Structure formats: structure tokens, C-alpha cells
Amino acid sequence: MLDRLRVFSGNAHPELARDICAHLGIPQGNVVLRRFPDGEIDLKIETDVRGADVFIMQPTCPPVHENLFELLTLIDCVKRASADRITAVIPYFGYARKDRKDEGRTPITAKLVANLITTAGADRVLAVDLHAAQIQGFFDIPVDHLYARPVIMEQLRKVVRKGTMVVSPDVGGVKLARAYAKDLGSETELAIVDKRRISGDKTVIENVVGDVRGREVVIVDDMVSTGGSIADAARIVRERGATRVHIAATHAVLCGSAIEKLQNAPVEKIFFTDTIPIPAKGLMDRLVVCSVASLLARAIDRIHRSESVSVLFDSQPTPPSR
Ligand code: R5P
């Protein structure tokens with residue numbers, strides 16, 4: 001059955017593609033990816049895909065436009081090479097935060113990117129922890145949406161005790177925090193940081209709802225971008241008396257001075273998945289990388305065999321959505 005399965009990757013995250021193929025026990029499809037002198041993408045796949053079930057793995061993390069356009073170009077290439085079915089495997093879906101017009105005369109880029117991927121020729125999408133679950137509805141093709149929480153929990157359980165308090169760094173993250181709290185057996189004891197976003201890289205903390213005094217806490221979020229939200233949240237819960245603070249997030253976007261902010265944050269352990277390559281430098285001793293390679297490989301295998309993917313998250317009754 002696996003003889004019709006092909007996995008290709010762009011330049012965004014070759015290590016994750018390699019690990020996924022190792023879990024699947026298949027060789028990765030060969031792509032020659034070059035640039036024309038003016039920067040345009042020039043590529044050729046060197047593996048036959050006629051009639052094949054093709055998965056193209058590429059998170060649309062920074063450099064966002066390079067990675068997004070590589071994904072689109074790969075999809076187009078594979079479609080024109082007569083693949084039977086194309087699944088875009090997008091462990092991190094960028095542009096997700098612009099999912100509505102929150103003020104006049106602004107675009108909805110999450111929808112635009114969904115349209116681009118579909119128009120390029122994808123038949124399905126496989127994603128991990130979309131910033132908002134409703135982004136699935138921006139695609140008119142099937143979307144399998146995986147949750148990274150069990151992967152992070154596996155590592156988190158080795159470090160924190162049952163009953164550790166979960167903190168959401170903003171009101172929008174409460175559902176995700178509740179799901180973690182349930183796993184940690186402290187569902188009734190959430191704390192929420194009341195954060196107001198002023199711009200893309202500036203937030204202000206107004207208050208902490210919930211008593212963190214004397215508690216070990218874990219602050220959970222779907223992504224860490226500039227690091228401002230999570231570092232500020234760590235600082236304020238420490239000020240309010242938390243004894244030990246850990247942070248856990250799916251997507252380590254880590255742009256701008258994020259690494260520096262994390263280095264200076266009063267946290268013990270930092271749990272990130274590898275949906276995006278993590279520039280671990282400077283975080284080494286505190287960083288715990290929770291790999292999604294096996295989760296994605298199992299999902300790819302099940303999609304290829306037309307088996308249910310939801311069994312992979314049956315143990316997650318409260319999926320993260322905003
Ligand atoms: C917000 O809705 C998200 O869940 C994250 O809290 C946010 O994107 C993190 O951004 P930053 O790291 O730049 O504060």
C-alpha cells in the first residue's frame with residue numbers, strides 16, 4: 001500500500017520531513033530546489049508521482065513568503081506531474097492571526113492563504129494547532145486538524161506534578177489552558193492573565209485572574225512570536241507569588257528579540273514542539289523539544305489508508321479553539 005505514498009518537503013523544515021519519513025519507513029521524495037538569479041523559485045521533482053498519493057510538508061514560518069511560495073510551487077509542480085491526490089502538510093499555518101476584519105479596510109490574510117493553497121491544487125490539508133479552529137472553514141477541501149497537546153503533555157508530565165496550575169497568557173487562550181488543566185488534574189483552578197494587545201509587538205498586562213500564590217504553574221499558549229505575551233505573563237505570575245513557572249507552546253515562531261525575552265524570563269523549563277525549526281541557541285539548558293514527527297507520520301499513514309484520523313485525538317475532548 002505504501003508504494004503509492006510520497007512525501008516531499010521544501011526548505012522550511014527538512015529535519016521534520018526527514019523524521020516523518022523515518023517514522024513512515026519510506027524515502028523522502030527528491031526535489032531540486034533552486035533560485036533564479038532574481039530570487040524566483042526554480043524547482044524540479046526527481047521522483048515519479050504519477051498516480052501517487054503525495055504529501056507536501058512545509059510549515060509557513062519565517063521567512064514566511066519564501067516558505068509559502070515554495071509550498072504553492074511544489075503543489076503546482078506535483079499536480080502537473082499527474083499525482084492522484086495532494087495533501088499540504090502545514091505543521092504551522094502562518095498568517096492565521098488575520099482571520100477577520102477587526103477594523104475597516106484590512107485584509108483577511110488567513111482566508112487569502114487558504115485560497116492560494118487550494119487554487120495551487122491541494123486536495124487536502126493536514127495542520128497542527130491552527131491559531132483559530134474555524135480557519136478549517138476557510139478551505140473548501142478537507143482539513144485534518146491535529147492537536148499537539150498530547151505530545152507536549154508527554155514531556156510536561158516528566159517535569160511537573162499532578163495539580164500544577166495552568167495559566168493562560170490571555171483571555172483567548174482559556175479553552176486551550178482548560179484542556180491542559182484537565183490533563184494535569186487541575187481543571188477547576190485556572191488562572192488567566194488579562195492582556196491587552198496594543199500593536200503586533202506590544203502588549204500590556206492589566207491583571208491576573210486567579211490566585212497563583214505558592215503554586216507551581218505552567219503558562220500555555222498556541223504560539224510564541226515576539227515572546228512578549230509569555231515573558232510578561234511569567235513575570236507577573238512570579239510577582240504574584242508563583243513558586244516555579246514553566247512555559248509550553250506549540251509553535252515557536254520566535255521573531256525579533258523573542259530569544260532574549262525568554263532568556264530573561266523567570267522560567268524553569270520551556271516546552272516547544274518542532275512544528276517550526278527552533279533556534280535553540282541560548283535556550284539550550286531550559287528547552288524541551290516535543291517532536292510532532294510521529295504524530296504527523298501516523299496522520300499521514302491513516303489518511304493514505306483512508307482510515308480515521310480522529311482516533312489520534314480521541315483522548316482530547318476539549319480541543320483548543322478560540
Ligand atoms: C495570541 O492570540 C496568541 O495566542 C499568542 O499569545 C500571541 O500570538 C503571542 O505573541 P507574542 O509572542 O508576540 O506576544
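The model shown is predicted, which means the values in this text are computed figures rather than measured ones. Starting from 1, each residue takes its place in the sequence as its number.
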[X] side chain to [Y] side chain, donor-acceptor N/O pair below 3.5 angstrom:
| X | Y | answer |
| --- | --- | --- |
| His23 | Ser294 | no |
| Asn67 | Thr60 | no |
| Lys195 | Ser229 | yes |

Item to complete: Check whether the ring centres of His65 and Tyr95 lie less than 6.0 Å apart, and answer yes or no.
Response: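 They qualify: ring centres under 6.0 Å apart.
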[X] bridged to [Y] by N-O distance under 4.0 Å:
| X | Y | result |
| --- | --- | --- |
| Asp84 | Arg4 | yes |
| Arg50 | Asp48 | no |
| Arg149 | Asp183 | yes |
| Arg286 | Glu268 | no |
| Lys98 | Asp102 | yes |

Worksheet entry | Backbone N/O of Val54 and side chain of His304: donor-acceptor pair under 3.5 Å |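 No, because the side chain of His304 does not come within donor-acceptor range (under 3.5 Å) of the backbone of Val54.
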Practice prompt. State whether the side chain of Arg238 and the backbone N or O of Thr243 hold a donor-acceptor pair below 3.5 Å, judged by distance alone.
Written response: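 Side chain of Arg238 to backbone of Thr243, a donor-acceptor pair under 3.5 Å: yes, one is there.
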Worksheet item: For atom CZ of Arg157, is the number of surrounding heavy atoms from other residues, nucleotides or ligands below 6.0 Å larger than 12?
Response: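 Yes, enclosed.
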Discussion item. I need the minimum non-hydrogen distance between Met57 and Pro59, along with the two atoms involved.
Written reply: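 Nearest pair, atom of Met57 first, then Pro59: SD-CD, 4.0 Å.
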Discussion item. I want to check something: taking the side chain as every heavy atom from C-beta on, are Arg35 and Asp42 in contact at a cut-off of under 4.5 Å?
Written reply: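 No; the side chains remain at least 4.5 Å from each other.
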